[in-house]
Amino acid sequence: MAVSPTPKLTPANFPCLDALQHLGPFAVALSGGADSTALLVACAVRWPDRVHAVHVHHGLQTAADGFEAHCVALCQRFNVPLAVQRVNAVHAAGESPEDAARQARYRALAEALQHNWGAHIQHMALAQHADDQAETLLLALSRGAGLPGLACMPAVAKRHGVTYHRPWLDVPGLALREALKAVGETWVEDPTNTDTRYTRNRIRAELLPVIAQAFPSFRQTFARSASHAAQAQTLLQEVAEQDLLQVGNPPVIKALQQLGEARQSNLLRHWLALEHSQASAAQLQALLVQVKACITRGHHIDIKVGRGFVRRDGAVLRCYNL
């Protein structure tokens with residue numbers, strides 16, 4: 001693969017990175033694809049002494065070694081310290097390969113920061129862009145997701161002790177490739193990106209072009225809808241926290257019954273999340289029915305929720321995870 005002999009200054013058409021300006025030393029999650037390569041180049045030129053990089057080697061395809069080689073060469077040319085984290089992202093039976101790889105990647109990114117550079121770096125920039133956000137929203141809609149799913153990817157989020165920043169969620173993916181071409185930089189194409197057995201790839205290859213013809217500004221409008229959903233979810237979270245203070249933890253059934261069904265549902269989802277559990281829509285509805293019917297001392301509540309159960313224990317509900 002041909003590479004530029006020396007780093008070039010990023011041109012004015014590189015997307016804005018002002019959202020990262022306030023950070024001290026931070027890392028870029030560098031896969032070697034066009035998006036993360038663009039982010040690494042733009043950050044390294046703007047903040048040459050502040051940027052580090054982490055590459056996660058999944059080992060799921062023969063092209064993985066080529067991705068690592070590209071990342072090593074790129075970081076050497078831009079004098080960016082690089083940590084390579086190898087993971088086993090093979091999915092378990094019944095688990096989505098995409099979900100397994102994503103979970104493994106986030107764990108690996110956090111572990112890389114814990115074990116490199118004196119564990120002083122706690123911020124990481126991700127190169128996800130407007131097309132990724134649109135795909136995520138369409139996937140959420142196809143699954144009948146609630147507000148947390150429709151909120152899609154936040155611009156800033158904390159996970160495993162790392163604060164993740166997505167400065168380019170309003171930037172089309174094509175703009176990143178054009179910016180790289182303008183400075184003569186190359187990237188590695190992931191061969192799985194064209195495999196339409198994966199739902200996200202089908203959306204990208206078949207659905208987004210059709211949507212773009214009908215709604216040319218869909219990236220901006222989809223992002224705005226996701227932002228509205230995120231704001232609404234934040235409000236519901238605050239209501240749930242206040243209601244849980246009133247109802248108690250574990251929830252007192254009589255106090256829970258004083259709330260309307262929507263607030264009961266909102267509170268129970270919040271409480272279950274605190275208990276590291278998550279109810280399906282059907283499970284939550286069954287639990288609401290039982291809570292409403294619980295008006296006698298002998299009424300029994302035993303509902304399967306996630307991998308465990310919610311059961312009545314005297315005056316309160318308790319969650320038991322298996």
Listed pairs under 3.5 Å, donor-acceptor, residues 143-163 side chains, sequence neighbours left out:
from	atom 1	to	atom 2	distance (Å)
R159	NH2	Q103	OE1	3.0

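- Between H123 and H165, the two ring planes are tilted [angle within 30° to 60°].
- The side-chain contact (heavy atoms from CB on, under 4.5 Å) search around A38 returns F14, W168, L176, L180, not counting sequence neighbours.
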What pairs of donor and acceptor atoms, side-chain ones from residues 287-299 against any protein atom, are under 3.5 angstrom apart with sequence neighbours left out?
from	atom 1	to	atom 2	distance (Å)
Q290	OE1	H299	NE2	2.9
T296	OG1	H299	N	3.4

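- Through direct or relayed side-chain contacts under 4.5 Å between Ile, Leu, Val, Met, Phe, Trp and Tyr, F309 connects to L322.
- With sequence neighbours excluded, the residues satisfying side-chain contact (heavy atoms from CB on, under 4.5 Å) with Q21 are R46, W47, R50.
- Applying the side chain to side chain donor-acceptor pair (under 3.5 Å) rule to Q114 yields no partners; only residues at least two apart in sequence or on another chain are considered.
- In terms of the ring-ring contact (aromatic ring centres under 6.0 Å, His included) criterion, H129 has no residue partners (sequence neighbours excluded).
- Side chains of R105 and S31: no donor on one and acceptor on the other come within 3.5 Å.
- A donor-acceptor pair shorter than 3.5 Å can be found between the side chains of H70 and T37.
- Annotation for L20 and C43: closest pair CD1-SG, 3.9 Å, computed over non-hydrogen atoms.
- Counting only residues at least two apart or on different chains, no salt bridge (charged side-chain N to carboxylate O under 4.0 Å, His left out) pair has a member in residues 278-290.
- In this structure, CG on D132 lies 12.5 Å from CG on L137, to the nearest 0.5 angstrom.
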If you look only at distance, which donor and acceptor atoms sit under 3.5 Å apart when one is on a side chain in residues 270-280 and the other is two or more places apart or in another chain?
from	atom 1	to	atom 2	distance (Å)
H270	ND1	Q237	NE2	3.3
W271	NE1	N249	OD1	3.1
S280	OG	Q283	N	3.1

Side-chain atoms of residues 221-228: list all donor-acceptor pairs with protein atoms under 3.5 Å, sequence neighbours left out, distances to 0.1 Å.
from	atom 1	to	atom 2	distance (Å)
T221	OG1	S217	O	3.3
T221	OG1	F218	O	3.1
S225	OG	T221	O	3.3

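- Not counting sequence neighbours, the partners of N266 by the side-chain contact (heavy atoms from CB on, under 4.5 Å) test are L236, V239, A240.
- Atom OG of S265 sits about 8.0 Å away from atom CD of Q285, to the nearest 0.5 Å.
- The hydrophobic cluster containing L82 also includes V72, V84, under a criterion of side-chain heavy atoms closer than 4.5 Å among ILVMFWY residues, counted directly or through chains of members.
- The residues R177 and E185 are annotated as not salt-bridged, no charged nitrogen and carboxylate oxygen being separated by less than 4.0 angstrom.
- The CD1 atom of I211 sits 8.5 Å away from the CD1 atom of I203 when rounded to the nearest 0.5 Å.
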